[in-house]
Amino acid sequence: MNCLAINVLPTHDETAAIPTVGLILNPAAGQGTLQAHVRQVAHARQIDVHEVCAGRGPDVLARDAVDGGAQILAAAGGDGTMSAVAAVAVDFDVPLIVVPCGTRNHFAKDCGANLIDPARQLAAIADGHEVRVDVGTVNGRVFLDNVSVGFYAAMVRDPEYRHRRVRVAARYVRRAMFQRGRCASLSTAIPARVLAPEQVLVALVSNNAYSPGIAPGPALRPRLDEGTLWVYLVGLPGADRPFAARLLRGTGRLVSGRALVAAWPTVHQTMTTDTRSIPAGIDGEAVELESPLAFDVRPGALRLLQPSRNDLVDRRLTLRW
């Protein structure tokens, strides 16, 4: 009897190796209500979950995960967690999945992550697509959103800030406006065409430009891949006390005589203070930075892994002229 041997080749799905994922989860981020579901989905997908705890920050856990063989990093937490894990992803050139579980989730909004059901972001492991986005650095430290010195940097150190943001913000604005807080001399190069305030409430450097109203949905930045930093100086209204009162009530305008907001694009910026170090906020986390502060952009340094989906919808519009 003649025998016919048939080799059945396995399909692509059967041969494709499932990448090893290390999920860094911060149980204290936000209100702590989303993490349980994320943890459950991760275990169902056989994903290693590394939880942040005292003495084991997200950066340490991310490095341990990569050293242990993780080919993809996922960060479940707020902007501070994202920033710390992203720095490791950049160092090791591994993709990052954003799983937003924080309070503000600025970076997650700007990159289009699922804010309602964050665990769905983990679907990117099987069918995701990769995009490259920029990161900023200050004195060599990676940031995803922004770095600020001045009013906001002082405010995020307040223990009440996380729970009473508006009240705490108003208190710190009043303190700065009526010169009851700290001050320092700040030197930086400003383009000649820019009209800058003399008294500065906030000096902020962002990774790409903030354009609320132009960015889609809840996002504040339309793009994360333009290879540009933006510098913003928010000024004090000086001796115009009635204007200060209106600003605190939310009815003041951002321009009064001399410009109160100055902004310009750059790829490198240095800020020098007359103090050895200065309090700063990096992606919402309070830190102390040595002066001078050297800001740079690293275009396309972060590999972002996102679930594949079709966000395009055919619409019929009315054009009038």
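Each residue takes its place number in the sequence, starting with 1. We use all heavy atoms of the structure for the numbers below, so side chains are in, but hydrogens, waters and symmetry mates are not.
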Q) From H106 NE2 over to L220 CG, what is the distance, rounded to the nearest 0.5 angstrom? A) 6.5 Å
Q. Which heavy-atom pair separates N105 from G78 by the least distance, and what is that distance?
A. OD1-CA, 4.3 Å
(Q) Between Q121 and N114 (side chain of the first, backbone of the second, donor and acceptor by atom type, cut-off under 3.5 Å), is there such a pair? (A) yes
**Q.** Euclidean distance, L229 CG relative to R298 CZ, rounded to 0.5 Å
**A.** 12.5 Å
Q: Return yes if a side-chain donor-acceptor contact under 3.5 Å exists between H268 and D296, otherwise no.
A: yes
Q) More than 12 foreign heavy atoms under 6.0 Å from CZ of R39: is that the case here? A) yes
Q: Compare every heavy atom of V21 with every heavy atom of A74, then report the nearest pair and how far apart it is.
A: CB-CG1, 4.4 Å
Q: In sequence, state the C-alpha distance, the side-chain angles, and the governing distance for R221 and D145, and then conclude on side chain to side chain contact (heavy atoms under 4.5 Å, CB included).
A: CA-CA 9 Å; R221 290 171 290 179; D145 301 320; 2.6 Å; yes
Q) Would you say L305 and L144 are hydrophobically clustered, going by side-chain heavy atoms of ILVMFWY under 4.5 Å? A) no
Q. Is there side-chain contact between Q306 and C111, with heavy atoms separated by less than 4.5 Å?
A. yes
Q.
Testing the basics here: between A153 and P279, what is the closest heavy-atom pair and its distance to 0.1 Å?
A. CB-O, 3.5 Å
**Q.** Distance, nearest 0.5 Å, that separates OG of S211 from CH2 of W230
**A.** 7.5 Å
Q. For the atom pair CD1 (I97) and CE (M82), what is the distance rounded to the nearest 0.5 Å?
A. 11.0 Å
Q.
Could you go through S185 and D274, starting from their C-alpha distance and side-chain angles, then the distance that decides it, and tell me whether this counts as side chain to side chain donor-acceptor pair (under 3.5 Å)?
A. CA-CA 5 Å; S185 175; D274 61 351; 4.6 Å; no
Q | T270 vs F295 side-chain heavy atoms within contact, under 4.5 Å | A | no
Q. What closest approach, in Å, do L34 and P118 show between heavy atoms, and which atom pair accounts for it?
A. CD1-CG, 3.9 Å
Q | Spatial distance of atom CG (L73) from atom CG (L96) [nearest 0.5 Å] | A | 6.5 Å
Q. Quick one: which of V138, I282, V147, I278 gives a side chain to side chain contact (heavy atoms under 4.5 Å, CB included) with V287?
A. I282
Q: May I ask you to check whether N146 and Y232 show a side-chain donor-acceptor distance below 3.5 Å?
A: no
Q. What residues form a side chain to side chain contact (heavy atoms under 4.5 Å, CB included) with E285, not counting sequence neighbours?
A. R162
Q: Consider only side-chain heavy atoms of I, L, V, M, F, W and Y, link residues closer than 4.5 Å, and tell whether V205 and W264 are in one cluster.
A: yes
Q) Backbone N or O of T273 within a donor-acceptor pair of the T275 side chain at under 3.5 Å? A) no
Q: Flag the pair H50 / D48 as yes when at least one side-chain heavy-atom distance between them is below 4.5 Å, and no otherwise.
A: yes
Q: Apply the test side chain to side chain contact (heavy atoms under 4.5 Å, CB included) to residues Q71 and V94: give CA-CA distance (whole Å), side-chain angles for both, the deciding distance (0.1 Å), then the verdict.
A: CA-CA 6 Å; Q71 299 163 290; V94 298; 6.0 Å; no
Q. Do D110 and R223 meet the salt-bridge criterion of a basic N to acidic O distance under 4.0 Å?
A. no
Q: Check the pair L293, V149 against side chain to side chain contact (heavy atoms under 4.5 Å, CB included), reporting the backbone distance first and the verdict last.
A: CA-CA 10 Å; L293 282 60; V149 295; 3.9 Å; yes
Q. Same hydrophobic cluster for I72 and V99, using side-chain heavy-atom links shorter than 4.5 Å among ILVMFWY?
A. yes
Q.
Applying side chain to side chain contact (heavy atoms under 4.5 Å, CB included), can you list everything that pairs with V60, at least two apart in sequence or on another chain?
A. R56, D64
(Q) Applying a strict under-4.5 Å side-chain criterion to I, L, V, M, F, W and Y, I'd like to know whether L233 and Y210 cluster together. (A) no
Q.
Starting from I116 and following side-chain heavy-atom contacts under 4.5 Å between hydrophobic residues (I, L, V, M, F, W, Y), which residues can be reached?
A. none
Q) With distance as the sole criterion, is a donor-acceptor pair present between the side chains of E288 and S277 under 3.5 Å? A) yes
Q: Would you indicate whether the side-chain heavy atoms of V52 and L25 approach each other to under 4.5 Å?
A: no
Q: Identify the two heavy atoms, one from V135 and one from A301, that lie closest to each other, and give their separation to 0.1 Å.
A: CG2-CB, 3.9 Å
Q. Is P19 close to I125 at the side-chain level, that is, under 4.5 Å between some pair of heavy atoms?
A. yes
(Q) Once rounded to the nearest 0.5 Å, what's the spacing between atom OG of S83 and atom CG of D283? (A) 4.0 Å
Q.
For the CZ atom on R303, are there more than 12 heavy atoms of other groups (residues, nucleotides or ligands in this structure) within a distance under 6.0 Å?
A. yes
Q. Given F107 and L224, is the side chain to side chain contact (heavy atoms under 4.5 Å, CB included) satisfied, shown in steps?
A. CA-CA 9 Å; F107 183 71; L224 295 172; 3.9 Å; yes
Q. So, for L23 and A76, which heavy atoms are closest and what is the spacing to 0.1 Å?
A. CD1-CB, 4.0 Å
**Q.** Check: T188 and Q269 side chains under 4.5 Å, non-hydrogen atoms
**A.** yes
Q | Distance-only polar pair, side chains of T81 and N26, donor-acceptor under 3.5 Å | A | yes
Q.
I'd like to know whether N208 forms a side chain to side chain donor-acceptor pair (under 3.5 Å) with D134, so could you lay out the CA-CA distance, the side-chain angles of the two residues, the decisive distance to 0.1 Å, and finally the verdict.
A. CA-CA 8 Å; N208 288 273; D134 308 333; 3.1 Å; yes
Q. Is the backbone N or O of E290 less than 3.5 Å from a side-chain atom of N139, with the two atoms forming a donor-acceptor pair by type?
A. yes
Q. Do L122 and R45 have side-chain heavy atoms sitting under 4.5 Å apart?
A. yes
Q: State plainly whether one hydrophobic cluster holds both V267 and M271, where clusters connect Ile, Leu, Val, Met, Phe, Trp and Tyr through side-chain heavy atoms under 4.5 angstrom apart.
A: yes
